[in-house]
Every structure is written in C-alpha cells, then in structure tokens.
Amino acid sequence: MTEYSHVKATKLVFKGHNKGKKKKHKEKKRKARDEEDVLDIVGAWWSVTKYGEITGTVAIEMQNNSYVHALDTGLFTLGAPHKNDEGPDPPEQFTAVKLSDSRIALKSGYGKYLGINSDGLVVGRSDAIGSREQWEPVFQDGKMALLAANSCFISYSDSGDIVAKSKTAGDGEMVKIRTNAEREVKRKDDIADEDRGNVKSCELNYVKKFQSFQDRRLRVNEEDASTLKKARVDGKFHEALLDRRSKMKADRYCK
C-alpha cells in the first residue's frame with residue numbers, strides 16, 4: 001500500500017469544542033458543492049475525478065497544458081505546452097481499456113500498449129496486454145496519480161522520459177486524465193423528466209407515457225388546466241393527472 005493511497009484519519013472532536021454556527025457550516029458545505037460542480041475543461045477535454053469516468057479516448061496531463069507524448073521509437077516524453085483552450089495533439093491521445101474495477105490499459109496511436117520495462121521506463125511496444133501493461137489510477141483529495149505495474153507512480157524525468165520510479169506520490173507525480181467522451185450531466189434534483197415544465201406539458205408527457213395509442217392518436221383532456229395548477233401546489237398533481245386521463249378512457253393504467 002503506497003503512502004498516497006492511505007486514507008486520512010477522522011479529525012478528533014474534543015469535549016467542549018465550539019462547533020460554530022450551523023448556518024456557517026451549511027454555507028461552507030454549499031460552497032464546497034459549488035466548487036465541485038465547476039468542471040476542469042480544456043477545449044472539449046474534461047478532467048476525470050473518478051475511475052468510472054475513464055473511457056474512450058484520453059490524454060494524460062502532467063504539467064499545466066502539457067501532455068504525455070508518444071514517440072515513434074516506442075518511448076514517451078512530455079509534449080510542448082498547449083494554449084489554455086487547446087486540447088492534446090494526436091500523439092498525446094490514448095485509448096483507455098478497462099481491465100477491472102481499478103485497473104486500465106492504455107493504447108497509443110501507434111497501436112501499442114503502454115507498459116514499463118525493468119528499469120521503470122514507460123514504453124509502448126507491446127501488441128498485447130500483460131502484467132506490465134496494467135495501470136491503476138489513484139484518486140485522493142481531489143488529485144490523481146497513475147500507478148504502474150511495479151507499484152511506482154509515473155513522472156517526468158530530468159532526461160526527458162516518462163518513468164515510474166517513485167513509491168510515493170508527490171507534486172511531481174500528480175497527473176490529470178482528460179477525456180473527450182460525452183459527459184453525463186448530474187441533476188441537482190430528483191424531479192422526473194415527465195414532471196418538468198408547466199402543467200400542460202407535464203400532462204402531455206404523461207399521456208405519451210401511459211396512453212395505449214389504440215388509434216395512434218394522442219388523447220389529451222381539453223378541460224381547464226387551472227385545477228392542475230392548484231393540485232400541483234397542494235401536492236395532488238399526479239392524482240389530478242390520473243383523474244383527467246381516466247376521463248379520456250384511453251389509458252392502460254386508468255380505470
């Protein structure tokens with residue numbers, strides 16, 4: 001187990017310790033959530049924050065706007081810095097292959113898998129995935145490091161190579177994995193898709209969802225929708241919708 005993957009101990013709370021005002025704590029939590037929602041995006045490439053987000057074409061950023069760059073010799077170096085809105089070049093793009101719940105393989109544009117040799121040098125010369133071609137992204141405290149098969153973290157060496165020689169992860173071993181895959185947008189509420197919009201659009205959504213379409217026609221209740229507005233405020237919206245649909249006698253879930 002590396003030092004980087006150790007879990008921080010819970011902070012001790014002493015008797016009589018002043019917890020402060022709850023309002024301030026809530027504001028801090030809300031601010032923290034807002035900061036988490038701010039995406040780290042360069043062009044169309046966004047930084048992953050957990051293992052499940054690593055998919056498709058990826059790039060490994062080692063310094064600000066500089067990415068691991070594949071050479072035709074099978075070695076890797078750090079590419080030239082890019083502009084703030086410029087993503088990685090083709091030699092800096094890799095295909096991520098998930099191998100387990102924690103490990104991935106990386107394939108370069110030359111069709112070779114990234115691995116390490118006996119000297120801890122990162123190379124891309126293998127046509128197949130073996131034990132040396134397996135990588136483990138380690139996330140902690142909003143940062144990430146990439147662990148090689150020799151239990152060392154990758155970094156950029158003084159000689160200009162990408163190596164895996166450090167058993168611990170310091171600032172020099174911090175990386176970002178960026179992907180241009182379509183990102184799943186998180187909603188901040190649990191509102192169903194059918195319940196979004198005004199009352200008439202909601203009613204139409206539920207008609208489309210539940211109507212039997214015996215004659216391939218939508219049958220929407222034409223009565224005044226003001227009762228739906230009141231029902232929505234009173235918490236009886238779905239009951240009112242069901243009552244209106246039952247009058248149309250074309251709903252497979254209505255009486």
Side-chain angles (χ1 to χ4, degrees), residues 2-4 40-49 51 53-99 102-140 142-181:
T2 65
E3 292 182 15
Y4 182 70
D40 180 359
I41 301 178
V42 175
W45 298 78
W46 50 277
S47 178
V48 305
T49 58
Y51 176 79
E53 295 175 340
I54 302 175
T55 182
T57 304
V58 300
I60 304 172
E61 183 178 357
M62 300 198 76
Q63 297 176 5
N64 287 339
N65 302 327
S66 295
Y67 301 88
V68 173
H69 188 105
L71 303 173
D72 56 9
T73 59
L75 299 177
F76 297 88
T77 188
L78 193 62
H82 291 261
K83 297 179 181 179
N84 290 333
D85 59 348
E86 188 178 62
D89 293 331
E92 299 165 344
Q93 299 176 20
F94 306 94
T95 301
V97 180
K98 290 184 178 180
L99 304 176
S102 61
R103 294 186 178 184
I104 61 172
L106 296 166
K107 191 175 186 179
S108 73
Y110 294 102
K112 305 294 183 179
Y113 289 98
L114 278 68
I116 54 167
N117 63 16
S118 56
D119 296 321
L121 187 66
V122 177
V123 295
R125 295 167 179 164
S126 177
D127 293 318
I129 301 172
S131 59
R132 290 178 177 266
E133 286 74 40
Q134 299 186 27
W135 303 87
E136 183 178 353
V138 180
F139 297 90
Q140 184 175 305
K143 297 181 179 181
M144 198 203 98
L146 192 59
L147 190 67
N150 62 353
S151 298
C152 292
F153 295 96
I154 70 167
S155 62
Y156 178 60
S157 71
D158 294 336
S159 60
D161 296 314
I162 305 300
V163 298
K165 294 185 177 181
S166 177
K167 292 289 184 179
T168 59
D171 291 339
E173 286 72 37
M174 293 298 108
V175 302
K176 292 180 181 179
I177 290 183
R178 293 188 180 276
T179 177
N180 63 354

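As a basis for the values below, the full set of heavy atoms in this structure was taken, side chains included, without hydrogen atoms, waters or symmetry mates. For the single chain, residues carry numbers from 1 onward in sequence order.
The distance from the CG atom of Leu146 to the CD1 atom of Ile104 is 6.0 Å, given to the nearest 0.5 Å. With rounding to the nearest 0.5 angstrom, the OG atom of Ser166 is 7.5 Å from the CZ atom of Phe153. Here Tyr110 contributes atom OH and Asp72 contributes atom CG; the two are 4.5 Å apart, rounded to the nearest 0.5 Å. Note that OG of Ser157 and CD1 of Ile162 are 7.0 Å apart. Values are rounded to the nearest 0.5 Å. Atom CD1 in Ile116 sits 12.5 Å away from atom OG in Ser126 (nearest 0.5 Å). Here the CD1 atom belonging to Ile177 is positioned 10.5 Å from the CZ atom belonging to Phe94, to the nearest 0.5 angstrom.
The salt bridge (charged side-chain N to carboxylate O under 4.0 Å, His left out) test applied to Lys112 returns Asp127, not counting sequence neighbours.
For the pair Gln93 (side chain) and Gly109 (backbone), a donor-acceptor distance under 3.5 Å is absent. Of the possible donor and acceptor atoms, one in the side chain of Asn117 sits under 3.5 Å from a partner among the backbone N and O of Asp119. Checking side-chain atoms of His82 against main-chain N and O of Gly87 turns up a donor-acceptor pair under 3.5 Å. Not a single donor-acceptor pair under 3.5 Å links the side chain of Arg125 to the backbone N or O of Leu75. Judged by distance alone, with hydrogens and angles left aside, the side-chain atoms of Arg178 form a donor-acceptor pair with the main-chain N or O of Asp40 at under 3.5 Å.
At least one side-chain heavy atom of Val122 sits less than 4.5 Å from a side-chain heavy atom of Trp135. Met144 places a side-chain heavy atom less than 4.5 Å from the side chain of Val175. Counting only heavy atoms from C-beta outward, the side chains of Trp45 and Glu61 never approach each other to under 4.5 Å. For the pair Ser108/Leu114, a side-chain contact is recorded, criterion being any heavy-atom separation below 4.5 Å from C-beta on. Using a 4.5 Å heavy-atom cutoff, the side chains of Leu106 and Ile60 are in contact. Leu121 places none of its side-chain heavy atoms less than 4.5 Å from the side chain of Phe76.
Contact between Gly120 and Asn150 at its shortest, heavy atoms only, is CA-ND2, 4.1 Å. The shortest heavy-atom contact between Val58 and Thr55 is CG1-O, 3.8 Å. Here the closest heavy-atom approach between residue Tyr51 and residue Arg103 is recorded as OH-O, 2.9 Å. The two residues Thr179 and Val48 make their nearest non-hydrogen contact at CG2-CG1, 3.8 Å. Among all heavy-atom pairs drawn from Leu78 and Val68, the shortest one is CD1-N, 4.2 Å. Taking every heavy atom of both residues into account, Ala59 and Glu92 meet most closely at CB-O, 3.4 Å.
The side chain to side chain contact (heavy atoms under 4.5 Å, CB included) with Met174 is formed by just one residue from the set Lys143, Gln63, Met62; it is Lys143. The residue from Glu136, Glu173, Gln134, Lys167 that alone fulfils the side chain to side chain contact (heavy atoms under 4.5 Å, CB included) condition with Leu147 is Glu136.
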